[in-house]
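If you're wondering where the values come from, they're calculated on a predicted model, not measured in any experiment.
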Amino acid sequence: MVDAEDVRRVALALPHVMEIASDGFDFRVADKGFVWSYPERVPGRPRVIRLDIAVLFVGDEAEKQALLLGEPDVFFTAPGYDGLPLVLLRLAEIDLERLDELVTDAWRMRAPETLLSEREGAGK
């Protein structure tokens, strides 16, 4: 089981990551978001920032569907995310190793090629 502070540690350990000021967490590389806290919207209620759920960039619809179908206890989606390469991740359902893998993959998909080459050159 991981939490928002684990997300913060994993994301900030990656090169050139910036945390954007928010009520939760919001991480970007080259001005592109790759993981942030879920802004839950329930009709008729104010938006609530959920620190126990992360929005994770996954690259494409095929990857999104594979995660949603393969691990429905871990990943889900919500109205407003249709057609977007994003999944919602229940942090309580994964361990730190899996979090590191998911966040690093999301970072790789959003980082410019020069950063990827730099990271690979450093042996990471």
Report summary line: By salt bridge (charged side-chain N to carboxylate O under 4.0 Å, His left out), Glu5 pairs with (sequence neighbours left out) Arg8

Report task. Give me the ring orientation class for Phe34 and Phe27: parallel if the planes are under 30° apart, tilted from 30 to 60°, perpendicular past 60°. Result -> tilted

**Report entry** Minimum heavy-atom distance between Thr104 and Asp100, given as atom pair plus value
**Finding:** OG1-O, 2.7 Å

Query raised in the report: How would you list all residue pairs meeting side-chain hydrogen bond (donor to acceptor under 3.5 Å, both in side chains) that involve residues 52-73, not counting sequence neighbours?
Result: Arg50-Asp52, Glu61-Gln65, Glu71-Arg98

Query raised in the report: Is Val48 reachable from Phe25 through a run of I, L, V, M, F, W or Y residues, each pair having side-chain heavy atoms under 4.5 Å apart?
Result: no

Query raised in the report: Does anything in residues 20-39 pair up under salt bridge (Lys or Arg N to Asp or Glu O under 4.0 Å), and if so which pairs, sequence neighbours excluded?
Result: Asp26-Arg28

Report task. State the CG-CH2 distance between Leu56 and Trp36, to the nearest 0.5 angstrom. Result -> 8.5 Å

**Report entry** Stepwise side chain to side chain contact (heavy atoms under 4.5 Å, CB included) test for Leu12 and Glu19
**Finding:** CA-CA 8 Å; Leu12 290 174; Glu19 183 171 11; 4.1 Å; yes

Query raised in the report: Looking at OG1 of Thr77 and CG of Leu68, how far apart are the two atoms once the value is rounded to the nearest 0.5 Å?
Result: 6.0 Å

Query raised in the report: Is the backbone of Val7 close enough, under 3.5 Å, to the side chain of Arg9 for a donor and an acceptor to pair up by distance?
Result: no

Query raised in the report: Hey, what do you get for CG (Leu51) to CG (Asp3), rounding to the nearest 0.5 Å?
Result: 9.0 Å

Report task. State whether the side chain of Arg90 and the backbone N or O of Ala54 hold a donor-acceptor pair below 3.5 Å, judged by distance alone. Result -> no

Query raised in the report: Any link between Ile20 and Val35 through a network of hydrophobic side chains (Ile, Leu, Val, Met, Phe, Trp, Tyr) touching at under 4.5 Å?
Result: no

Requested in this report: Please name the residue in the list Phe75, Tyr81, Phe57 that meets the side chain to side chain contact (heavy atoms under 4.5 Å, CB included) test with Val87.
Outcome: Phe75

Report task. Kindly determine whether Ile53 and Leu89 satisfy side chain to side chain contact (heavy atoms under 4.5 Å, CB included), including the steps that lead there. Result -> CA-CA 5 Å; Ile53 298 173; Leu89 167 64; 5.8 Å; no

Report task. Over all heavy atoms of both residues, which pair between Ile49 and Ser37 is shortest? Give the atoms and the distance, please. Result -> CG2-OG, 3.3 Å

Requested in this report: From the options Met109, Arg110, Met18, select the one residue that forms a side chain to side chain contact (heavy atoms under 4.5 Å, CB included) with Val29.
Outcome: Arg110

Query raised in the report: Between Ala11 and Val17, which heavy-atom pair has the shortest distance, and what is it?
Result: O-CG2, 3.3 Å

Query raised in the report: In the single-linkage hydrophobic clustering (I, L, V, M, F, W, Y; side-chain heavy atoms under 4.5 Å), do Tyr38 and Leu84 co-cluster?
Result: yes

Query raised in the report: Are Leu96 and Val103 co-members of a hydrophobic cluster defined by side-chain heavy atoms under 4.5 Å apart?
Result: yes

Report task. Please report the closest heavy-atom contact between Leu86 and Val58, naming both atoms and the distance. Result -> N-CG2, 4.0 Å

